[in-house]
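Input: a single structure, listed below in structure tokens.
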Number of protein chains: 2
Amino acid sequence: MVRRDKSNYIIQSVAHALDVLEEFRGEMDELGVTELSKKLKLHKNNVFRILATLQSRNYIEQNRTNDNYRLGIKCLELGQTFIHQRGLLKQAQPILSELAESSAETSYISIIRGNEVVYLDAVETTSTVRVVSRVGLHMPVHATAAGKALIAFDSEEELRRRFHSELPRFTKNTITSSEEILNVLGVVREKEYAIDQEEFEDGLCCIASPVRDYTRKVIAALSVSGPAHRLSIDRIEQSVGPEVLRCAKMLSIRLGYRE
Amino acid sequence: MVRRDKSNYIIQSVAHALDVLEEFRGEMDELGVTELSKKLKLHKNNVFRILATLQSRNYIEQNRTNDNYRLGIKCLELGQTFIHQRGLLKQAQPILSELAESSAETSYISIIRGNEVVYLDAVETTSTVRVVSRVGLHMPVHATAAGKALIAFDSEEELRRRFHSELPRFTKNTITSSEEILNVLGVVREKEYAIDQEEFEDGLCCIASPVRDYTRKVIAALSVSGPAHRLSIDRIEQSVGPEVLRCAKMLSIRLGYRE
DNA sequence: TACATATATTCTATAACATGAAAGCGTGTC
DNA sequence: GACACGCTTTCATGTTATAGAATATATGTA
């Protein structure tokens, strides 16, 4: 079906009401009927009735001393509902499942706390060889894919502040040079996903991609981890890497991110 | 005039739209047209058109994979606007009072709008020599302490975009060189408070400190202003500056800021 | 494959109601 | 007191929101 544009179905009176509501976004937090009427080219009686309707639901309230109108508490509640419903873990759940299935590895959602990655949730792989779950663990930023994805888009100043000396080693693959990690992060920024090839734990590889929200900032990392023998460079670059990136972008959109 | 109850002026179609919007408050974050139609006893076509209208303004968005609808980013923005317009002033009130008392000068809370500082509220000094209140006034960012505090933490790119040519002069002390203002802002970032020494108005000095909220961004400036003869450099650096900073930090915490 | 079901979307005509015009009321200023 | 201004109230009509039905698509089942 070729869908008609939804603008064909707009209800004019509702749109006018939204016009009124949106006038309160400006620098003036209190507005009068006449002022709104002039700004919106609506008759005063119309503005009054729209305000009365919005006021009846507490989206708008009236300052009794000067008769001006301002936003009401319902606006705050609506915003809080948005935040609640669009919460990270809730929105991540279906995407973690999808990623675990499509990659056949364990998927994770993690955040940054100081210099550590915190794994918040996971969906296990169905493969026969499993790795130990990381949920609840704190891990070093520089030696994990999730950590790299979480910080890759920080400012250069912030990154230099974070990496100014030799980094702790965990395996023979761990990157311990600040200079080298900064280079790797440049690659992460280009590819939009990060890799950990047995840098934190022998035999374990991870791929992670940044997740953003309505603030447009990286707020989490979506990642997949599995044994090195299953996660070859080929498989990472041809299949799992782009899949993690795709899922991370999907999650970002669900969290209100707009490119 | 005995005012009639405003329920006499409610616009039914707008009320229906608000009914639809409010159905998204529950645990179900995604809802379909038919479900909403049944819950609200509105015809499906009506619900569809209301959703289309709300969607055109981003109060509602549609999940493309399952055709369900959910709250859109505008709800968050509306909530944020409410917080901005109502939360700040309410939380600032007691701190303005405290600061006016401890500094024995007039305290202000102000925000930035474009290239101007807007003074939202003030608590007067109890000193015998008073200055004219600035509440409601718009003033140039570069020539006021509040303006400097509001922009000091913008990115260098943003600051260079803002200050790229000669700045307007108000007094013999006004900083008119873009290069110099950028240097001064560096000092503001170090001290976490800004000074205006008769730069906008002869005989008037101000000290301002940035106020942040849960977004971790600078959203307002807390300031003190008084006559130059009372606000010596010594007094500013030894007493009033740190006091303004302390109060600004207190207000930041009240607004949800966490270091 | 055919059929049933469910849902979002599309179309249309009419009567309901949103709009526009004007009047009323309260407050402030000269 | 006269006038200006802004919010609120009243009323009639014509615009448009509503109600009813149809359409298109996807999914599930036999």
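So you know, we letter chains A, B, ... as the sequences are listed, proteins then strands, and number each from 1.
Rounded to an integer number of Å, the gap from CG of N63(B) to P of dT7(C) is 16 Å. In this structure, N68(A) atom CG and dT8(D) atom C1' are separated by 14 Å, rounded to whole Å. The distance from atom CG of L51(A) to atom P of dC7(D) is 9 Å, rounded to the nearest whole Å. As a whole-Å value, the separation of F48(B) CZ from dA22(D) P is 19 Å. As rounded to whole Å, 18 Å separates atom C1' of dT19(C) from atom NZ of K41(A). Put simply, NZ on K44(A) is 13 Å from P on dA23(C), counting in whole angstrom units. For the pair D5(A) CG and dT9(C) P, the computed distance is 12 Å after rounding to whole Å. If you take CD1 of I50(A) and P of dG20(C), they are 10 Å apart, rounded to a whole angstrom.
Classified by interplanar angle (parallel below 30°, tilted 30° to 60°, perpendicular above 60°), the ring pair Y108(A)/Y119(A) is perpendicular.
When the shell of 6.0 Å around CD of E101(B) is examined, it contains 12 or fewer heavy atoms from other residues, nucleotides or ligands.
Contacts of N46(B) with the nucleic acid, taken as non-hydrogen atoms under 4.0 Å apart, include base atoms.
A donor-acceptor distance shorter than 3.5 angstrom exists from the side chain of R235(A) to the backbone of R230(A), with no hydrogens or angles considered. Of the possible donor and acceptor atoms, one in the side chain of Q62(B) sits under 3.5 Å from a partner among the backbone N and O of D67(B). The closest donor-acceptor contact from the side chain of T81(A) to the backbone of R25(B) lies at 3.5 Å or more, if one exists at all.
The phosphate of dA8(C) (OP1 or OP2) has a side-chain N or O of T34(B) nearer than 4.0 angstrom. Residue R49(B) places at least one side-chain N or O under 4.0 Å from the OP1 or OP2 atom of dA17(D). Residue Y69(B) has a polar side-chain atom (N or O) positioned under 4.0 Å from OP1 or OP2 of dT9(C).
A cation-pi arrangement, defined by a distance under 6.0 Å to the six-membered ring centre and an angle within 45 degrees of its axis, is present between R212(A) and Y257(A).
Comparing H16(A) and D67(B), the nucleotide of DNA chain C nearest to each residue sits closer to the 5' end for D67(B). Residue-to-nucleotide proximity on DNA chain D shows that, of N45(A) and E35(A), the 5′-proximal contact is made by E35(A).
When the nucleotides dC11(C), dT9(C), dC7(D) are ranked by their closest atom to the side chain of Q62(A), dC7(D) comes out on top.
Note: K249(A) NZ to L222(A) CG = 13.0 Å, rounded to the nearest 0.5 Å.
Listed in residue order, the members of residues 8-15 of chain B having a heavy atom less than 4.0 Å from DNA chain D are Y9(B), S13(B).
Counting atom types as modelled, H43(A) pairs a side-chain N or O with a base atom of dA21(C) as donor and acceptor under 3.5 Å.
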